[in-house]
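Proteins come first, then strands; the chains are lettered A, B, ... in the order of their sequence lines, and each starts at number 1. On a predicted model such as this, the values are computed, not experimentally measured, just so you know.
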Amino acid sequence: MNELRIGVFVCNCGTNIGGFIDVPAVAEYAKTLKGVVFAQTNLFSCSESGTTSIKEAIRENNLNRVVVAACTPLTHEPTFRAACMEEGLNQFLFEFVNIREHCSWVHMQQKELATEKAKELVRMGVARAAFLETGEMTDVDVIPSALVLGGGISGITAATALGGIGIKTILVEKEKKLGGILKDLYKLYPTGEDASKFLDKKIKSLMKFKNVEIITSTEIKTIEGYIGNYTVTVKKGEKEKEYKVGSIVLATGAVSYEPDKSKGKDFFNFDGKKIISQFQLENKLKKGAIKEKNIVMILCAGSRTPERIYCSRICCMTSIKNALLIKKANKDTEVTIVYRDLQTYGTDYEEELRKSKQAGIRFIRYNEVKPPTVDTKKKSVMVYHELLGRDIELPYDLVVLATPLVSHADVENISQKLKVPVDEHGFFLEAHVKLRPLEFATDGIFLCGCAHWPADITESISQALGAASKAAIPLLMGKVTVEPIISYVDEDKCSGCGICEENCPYGAIKKDPEKKKATVTAVICKGCGICATNCPEQAISIKHYKPEQVFAQLEAAFKEE
Amino acid sequence: MMEAGRHPNINLLAYSEVKSVKGKAGDFTVKVIKKARYVNETECTACGKCFEKCPKKVPNEFDMGHGMRKAIYLHFPQGIPAIATIDKDNCFYFSTGKCRVCEKFCEKKAIDFDQKDELITLRSGAIVVATGFDVYDPTHLTQYGYGKYKNVITALEYERLICAFGPKKGELKRPSDEKHAEVLGYIQCVGSRSLKDNRYCSSVCCMHATKEAMLAKEHDPKAKSYIFYTDFRAVGKGFQKYIKRGEEDYGIKYIRSRVAEITEDEEKNPIIWYEDTVSRSVKRKKVDLVVLATTLVPRKDAPALAKVLGIELDDCGFFNTDPFTPTDTTKKGIFVCGYCQGPLDIPESVAQASAAAERAADVILAGSLCSQER
């Protein structure tokens with residue numbers, strides 16, 4: 001092995017680190033560590049000037065390992081790896097030490113101790129750097145076609161978008177017809193457009209594309225593979241068919257919560273006849289004019305409660321839209337909306353709320369502590385009016401409950417087949433709630449519409465176009481680049497017990513039936529290390545986190561040099 | 001930002017403005033003025049020597065005037081691209097013909113006082129507009145006392161004050177006396193949902209007020225926050241849970257109310273007078289600092305840009321879109337995403353940005369596809 005020539009760069013991050021840690025002292029300390037031939041401080045290591053000075057230092061000092069003590073790998077690892085590569089140093093010989101989130105930010109009140117901790121963290125990073133090995137990114141070919149799962153407005157939009165940019169697309173819908181929830185709706189807010197006409201128009205523009213294959217009454221049987229190379233087996237009745245695709249858009253939607261009639265007593269006396277759901281009202285409106293003269297709508301029926309804490313987002317506007325339609329058809333009909341907080345966010349929806357008040361729709365706020373009750377004998381909704389400070393009685397001949405959108409019953413099944421997670425309410429869980437709303441942690445699978453979270457048509461269309469865009473990127477690039485930080489198996493030690501296969505959350509490690517040894521599919525493996533920690537023979541390790549690399553770091557943590 | 005700055009297919013033209021757009025979808029000719037920075041972009045490494053030495057101090061716009069910057073400066077430390085810019089209007093050399101201190105200290109010899117605005121002609125198949133929003137100035141809403149009372153600030157000013165690299169280094173010191181603000185009042189819907197001001201709801205303020213209140217508590221365990229709201233709008237993923245966490249773990253008090261007026265006592269503590277719409281009574285609350293959730297409004301230059309691009313604005317002044325083609329403007333080949341088309345939060349903007357990219361790619365890629373019909 002060549003002589004170790006480690007360079008250490010300690011970042012001030014403006015004052016984020018420098019304001020709380022004695023950065024020059026940390027750099028001076030680094031110079032005393034074994035193998036370190038160069039150390040300096042930077043105001044912003046990530047800035048142009050920072051990376052330029054790192055590159056200069058690599059060149060001038062002939063560095064063969066680079067340690068940057070700064071923020072998180074998530075924000076700037078690619079920056080520093082790129083700097084190394086530009087100077088001809090393999091990017092895996094770079095080590096990142098986090099002295100911001102892990103140190104300065106959490107120890108703002110203890111500056112001296114924070115400086116000591118930063119020194120220790122740098123010592124650990126340097127110890128690990130000494131054992132780093134080179135690694136190479138590999139390119140994997142991509143099958144240039146996509147699967148869209150679900151044929152509601154999101155799925156239709158995503159498939160149309162993919163078709164439009166020339167990507168061979170398969171749209172799978174489990175029901176007989178495309179359309180999802182839209183099939184059962186009357187008119188759409190905020191345009192007032194007829195839902196069925198809108199849907200027909202959307203389906204027609206999808207049908208134009210010869211490169212989109214639509215298969216209805218079909219369910220997914222299995223999905224195997226990884227980004228760029230999925231094998232999807234679908235089942236239509238008894239017939240099975242296999243497709244090869246490079247990426248997947250999940251658009252399986254949600255369903256309107258329909259209360260159980262037998263338990264109606266506990267749910268505003270729901271009976272499905274005179275006390276119905278907002279979804280039922282859509283159907284009723286579709287069939288013809290509403291004859292009832294006194295209508296009370298109760299919002300947050302079954303949502304924002306302890307068992308279903310979330311707000312379903314679309315119910316306020318759906319209720320306002322339907323109330324306006326009823327009022328428009330017959331201005332003598334009394335419509336009262338009993339609500340908790342009105343979610344008419346944005347520009348158009350706030351305008352709809354204003355219109356509905358002008359149309360004479362009455363709004364009464366209720367408090368969750370005193371929810372309204374439905375008295376079927378008196379045919380009245382009793383609601384505690386906060387401003388009057390007493391109960392008021394609202395006679396009804398129709399009560400409409402705005403129930404939330406909830407996840408599909410078979411969401412677990414889809415989640416298991418695709419190996420993607422769902423949250424506590426059965427909505428699919430994206431990779432990052434703010435920055436990666438349309439992606440999963442698993443590469444190659446994308447998310448849109450109500451499968452992610454309740455969304456209206458406008459929002460579903462935005463998300464579907466976005467998911468299509470994301471899904472198209474690897475297909476148009478024609479290849480996927482894979483990091484070498486993955487697990488590898490020492491076949492001599494492997495006993496073929498299969499524990500690793502059972503525990504892998506990505507399905508990346510499998511027992512080879514012939515060799516009776518575990519084998520890793522590099523593209524799927526995320527390098528999480530679960531297989532390694534579970535292996536009873538210690539036959540598995542993770543490249544870039546090999547035992548000697550990790551132990552060197554640990555030893556440095558507990559030992560002064 | 002880093003990702004965009006680093007992407008091999010992205011050419012960033014910062015400090016630049018679109019002057020004219022000609023042509024049609026698939027073939028636009030765009031003229032862009034790249035403004036003179038008086039700094040050579042390829043040479044400058046943003047080392048910071050020039051701002052250290054520059055003798056002229058100017059209120060820092062990025063810190064909403066709560067801190068100072070120099071006449072040669074970076075808009076903000078992590079900005080991309082990291083290149084210093086000379087603010088011509090405030091530079092001593094440009095006004096008096098003397099100084100050139102920055103030039104003397106620049107090791108890279110990057111200062112170039114003779115630099116001129118540059119006119120660049122670009123050809124593109126599609127255009128995506130993502131120009132964001134402005135913050136509403138609440139000065140004329142005299143009942144809140146903004147501009148009159150030092151300890152009444154806007155939410156964006158608060159963000160700068162509490163930011164670790166902001167003008168107070170992350171210490172929540174109130175403007176009047178640098179005292180740590182412990183009792184905070186957040187007033188929602190300032191200028192929003194109002195027939196007199198902005199008719200619409202900004203959609204993000206209920207959540208940012210909650211976040212700000214949480215930050216106050218994390219900075220100072222003694223901090224107490226009161227949020228005065230109209231309707232609490234928390235419709236996004238996990239938002240209700242977040243509000244509950246705010247209530248239970250951070251002790252935030254949510255008060256459904258209409259704030260009538262803010263006055264000030266002798267110690268410059270703001271006093272919030274409000275009608276509690278739950279208990280039906282007029283109350284008052286003395287606080288150390290008031291944070292106004294002002295409306296997020298269309299950018300001042302939106303009408304001018306709309307004219308250059310040949311696209312329409314909606315009734316509120318945002319770029320007009322149809323609800324069911326949310327990223328298409330009124331002109332083919334020009335797309336829009338984020339707040340400039342109407343209120344959205346971060347995840348919605350991120351999702352919509354991908355949507356606009358898809359629509360733009362559609363114009364460019366569909367042009368090369370002969371077999372398909374749109």
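Side-chain N/O atoms of B:Arg199 and A:Thr347 include no donor and acceptor closer than 3.5 Å.
Atoms SG and CD, from A:Cys300 and B:Gln240 in turn, are 7.5 Å apart once rounded to the nearest 0.5 Å. Rounded to the nearest 0.5 Å, atoms CG (A:Leu342) and CZ (B:Arg193) are 7.0 Å apart.
When the heavy atoms of residues 343-352 of chain B are compared with those of chain A, the residues falling under 4.5 Å are B:Pro343, B:Ile346, B:Pro347, B:Glu348, B:Val350, B:Ala351, B:Gln352, listed by number.
Taking both residues in full, the closest heavy atoms of A:Leu465 and B:Arg359 are given as CD1-CD, 3.9 Å, listed atom of the first, atom of the second, then distance. When all heavy atoms of B:Phe232 and A:Asp341 are compared, the pair lying nearest together is N-OD1, 2.7 Å. A pairwise comparison of heavy atoms in A:Tyr345 and B:Cys201 identifies CA-SG, 3.8 Å as the closest pair. Heavy-atom minimum distance, B:Arg256 versus A:Tyr339: NH2-OH, 3.5 Å. Across all their heavy atoms, A:Thr458 and B:Pro326 have their closest contact at O-CG, 3.7 Å. Taking all atoms of both residues into account, the shortest heavy-atom contact from A:Glu430 to B:Lys237 is OE1-NZ, 2.8 Å.
For A:Pro78, the parts sitting under 4.5 Å from any heavy atom of chain B are the backbone and the side chain alike. At a 4.5 Å heavy-atom cutoff, A:Asp456 makes no contact with chain B through either its backbone or its side chain. Contact annotation for A:His432: neither backbone nor side-chain heavy atoms come within less than 4.5 Å of a heavy atom of chain B. When heavy atoms are compared at a cutoff of 4.5 Å, B:Arg233 approaches chain A by way of both its backbone and its side chain. Contacts between A:Glu350 and chain B at a heavy-atom distance below 4.5 Å involve the side chain alone, from C-beta outward. Heavy atoms closer than 4.5 Å to chain B are found in the side chain of A:Leu438, but not in its backbone. Both the backbone and the side chain of A:Lys434 come within less than 4.5 Å of a heavy atom in chain B. Heavy atoms of A:Thr344 lying under 4.5 Å from chain B belong to its backbone as well as its side chain. There is no contact between A:Ile473 and chain B, counting heavy-atom distances below 4.5 Å. Neither the backbone nor the side chain of B:Ser202 comes within contact range of chain A; no heavy atom of the residue lies under 4.5 Å from a heavy atom of that chain. For A:Asp423, the part sitting under 4.5 Å from any heavy atom of chain B is the side chain, from C-beta outward, and nothing else. Using a 4.5 Å cut-off between heavy atoms, A:Thr79 touches chain B through backbone and side chain atoms alike. There is no contact between A:Tyr349 and chain B, counting heavy-atom distances below 4.5 Å. For chain A, the nearby part of B:Phe318 is the side chain; its heavy atoms alone come within less than 4.5 Å.
Options A:Arg304, A:His76, A:Glu193 differ in how many heavy-atom pairs under 4.5 Å they form with chain B, and the most are formed by A:Arg304. Counting heavy-atom pairs closer than 4.5 Å to chain B, the top residue among A:His425, A:Glu424, A:Lys202, A:Arg436 is A:Glu424. Most heavy-atom pairs under 4.5 Å with chain B: of the set A:Phe198, A:Phe20, A:Phe427, this distinction falls to A:Phe198. Interface remark: of the candidates A:Ser53, A:Gly50, A:Pro437, A:Pro437 forms the most heavy-atom pairs closer than 4.5 Å to chain B. Taking A:Ser462, A:Cys13, A:Ser460 one by one and counting their heavy-atom pairs under 4.5 Å with chain B, the maximum is reached by A:Ser462. When each of A:Arg340, A:Lys470, A:Arg365, A:Met108 is scored by its heavy-atom pairs under 4.5 Å with chain B, the top score falls to A:Arg365.
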Going through the distances and angles, do A:Leu476 and B:Leu365 end up as a side chain to side chain contact (heavy atoms under 4.5 Å, CB included)? CA-CA 10 Å; A:Leu476 295 172; B:Leu365 295 171; 3.6 Å; yes
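B:Asp315 CG: 12 or fewer foreign heavy atoms inside a 6.0 Å radius. In the displayed structure, A:Met85 atom CE is contacted under 6.0 Å by more than 12 heavy atoms of other residues, nucleotides or ligands. A 6.0 Å sphere centred on NZ of B:Lys241 holds no more than 12 heavy atoms belonging to other residues, nucleotides or ligands. Heavy atoms of other residues, nucleotides or ligands lying less than 6.0 angstrom from NZ of B:Lys168 number more than 12. Residue B:Arg258 qualifies as open at atom CZ: its count of foreign heavy atoms under 6.0 Å is 12 or below.
When the ring-ring contact (aromatic ring centres under 6.0 Å, His included) test is applied to A:Phe80, the partners found at least two apart in sequence or on another chain are A:Phe94, A:Phe96.
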